[in-house]
Protein chains: 2
Amino acid sequence: MIPVKNNYQFEDMLDKHQLKKTAPRLRVLSMMYSKNTATSQPDLENVMHDIDRVTLYRILNVFEEKGIIHKVFDLDGTANYAVCHSDCEANHHHDEHVHFNCTVCKNVYCLNELSLPSITLPAGFKPESFTLYASGLCPKCDKKNSVK
Amino acid sequence: MIPVKNNYQFEDMLDKHQLKKTAPRLRVLSMMYSKNTATSQPDLENVMHDIDRVTLYRILNVFEEKGIIHKVFDLDGTANYAVCHSDCEANHHHDEHVHFNCTVCKNVYCLNELSLPSITLPAGFKPESFTLYASGLCPKCDKKNSVK
DNA sequence: ATATAAATGCAACAATATTTCATTTAGAAT
DNA sequence: ATTCTAAATGAAATATTGTTGCATTTATAT
């Protein structure tokens, strides 16, 4: 589980990556760290009406470049962003974990605690990273389903 | 490896799914079966200038619904389509295989021959399907790289 | 040969991604 | 504290992509 962070820690994170500590960036960080699912740009737009769409777009881009967040696609192909492990560097992500796409609520969960089993590819392929996508029912939607 | 098919076999495929045997559909099928990498809509548009972009869009959609092709996203998030194994049914795909995204040529390879190692998810998650994405250098790009 | 449902092409529209530029602001230098 | 400057923001404009509606064409069943 990702440890909860306070505002000072978010400021430190921006500092570390030579990014100015601006209100929009701090709000985006705090929102992303408060959830255990990935966040899409529309998600952010729905909550932060006062921040320009283009600003959010650019914040997501720099955060990804700097290795603060990483991109995953949901079942519809929309980009979702989730906070990275501590060991991600700028432009070099190490997200060897499992992503779970819920077919009902469409949320994307990063199951960081699961490590991937190793796998051998056909001759010639030189893999640099792996991600396993599982899709199905997340705990919440499974519960709702069985109650009915 | 996917066996090469001829035009009669493509017609049979369309027949089997109650789709009319039209020229655009046959051309799309033949193109997708001639490659060992997934095909994006832009790929099709670049080759088939005379077919309307909406037609291609709709062909890809029905083919996916019918279980003839399945969708994978490349590293940029663009949808790519690849022909399915024989055991895919309409609206119920069984594509439990490995996808390889080349970071250089951006091609997506379906490594159908590889089966996925089983994995246990945290309590509560009810998975229905799995896909493993590997990214790195494909054989072609790796060769080009080492020659220099 | 004809009828009809399906498929296509075109135009229009919607949503999203991206660029440009003027204005504002964080943080460094004084 | 004040000023300066590069970086970040917001607003408008443009580009690209996804989607729908409808008139016309075409495959195929009769």
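Being a predicted model, the structure only gives us computed values, none of them experimental. Just so we're on the same page: letters track the sequence lines, and every chain starts at 1.
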Do [Y] and [X] meet the salt-bridge criterion of a basic N to acidic O distance under 4.0 Å?
X        : Y        : answer
A:Asp142 : B:Lys126 : yes
B:Asp52  : B:Arg58  : no
A:Asp15  : A:Lys20  : no

Distance, rounded to the nearest Å, where [X] contributes [atom1] and [N] contributes [atom2]:
X       : N      : atom1 : atom2 : value
A:Asp52 : D:dA13 : CG    : P     : 14 Å
B:Lys20 : D:dT25 : NZ    : C1'   : 10 Å
B:Leu56 : D:dG18 : CG    : C1'   : 14 Å
A:Asp76 : D:dT19 : CG    : C1'   : 14 Å
A:Asp50 : D:dA11 : CG    : P     : 10 Å
B:Glu11 : D:dT28 : CD    : C1'   : 13 Å
B:Arg25 : D:dT26 : CZ    : C1'   : 11 Å
A:Ile51 : D:dA11 : CD1   : C1'   : 15 Å

Boundaries of the chain B footprint along DNA chain C (any atom under 4.0 Å from a heavy atom) =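 The contacted stretch runs from C:dA5 to C:dA12.
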Residue closer to the 5' end of DNA chain D, B:Lys21 versus B:Asn61 (nearest nucleotide) =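 Final value for this comparison: B:Asn61.
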inquiry  = Run the side-chain contact (heavy atoms from CB on, under 4.5 Å) test on A:Glu45 and A:Leu56 for me, step by step, so that the C-alpha distance in whole Å, both residues' side-chain angles and the decisive distance to 0.1 Å come before the verdict.
reply    = CA-CA 8 Å; A:Glu45 287 173 17; A:Leu56 292 172; 3.7 Å; yes
key: Nucleotide nearest B:Thr22 when distance is taken to its side chain, options D:dA27, D:dA6, D:dT19   =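 The listed nucleotide nearest to B:Thr22's side chain is D:dA27.
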message = What's B:Arg58 touching, base or sugar-phosphate or nothing? Going by heavy atoms closer than 4.0 Å.
response =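 Base contact.
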query = According to the interplanar angle, ranging from 0 to 90°, do the rings of A:Tyr109 and B:Phe125 count as parallel (below 30°), tilted (30 to 60°) or perpendicular (above 60°)?
reply =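 Rings of A:Tyr109 and B:Phe125: perpendicular, over 60°.
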query = Hey, which of these two, B:Ile59 or A:Pro42, hits DNA chain C nearer its 5' end, going by closest nucleotide?
reply =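 The residue whose closest nucleotide sits nearer the 5' end is B:Ile59.
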query = Closest nucleotide of DNA chain C for B:Ala23 versus for B:Val54: which of these residues is on the 5' side?
reply =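 Between the two, 5'-proximity favours B:Ala23.
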request  = Please check the phosphate of D:dT17 (OP1 and OP2 only) for any side-chain N or O of B:Arg53 closer than 4.0 Å.
outcome  =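 No, B:Arg53 has no side-chain N/O under 4.0 Å of OP1/OP2 on D:dT17.
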inquiry  = Side chains of A:Leu19 and A:Phe63, heavy atoms from C-beta outward: is any pair under 4.5 Å?
reply    =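 Yes, their side chains come closer than 4.5 Å.
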query = Run the salt bridge (Lys or Arg N to Asp or Glu O under 4.0 Å) check on A:Arg27 and A:Asp50 step by step: do they pass?
reply = CA-CA 12 Å; A:Arg27 284 168 66 193; A:Asp50 52 324; 3.1 Å; yes
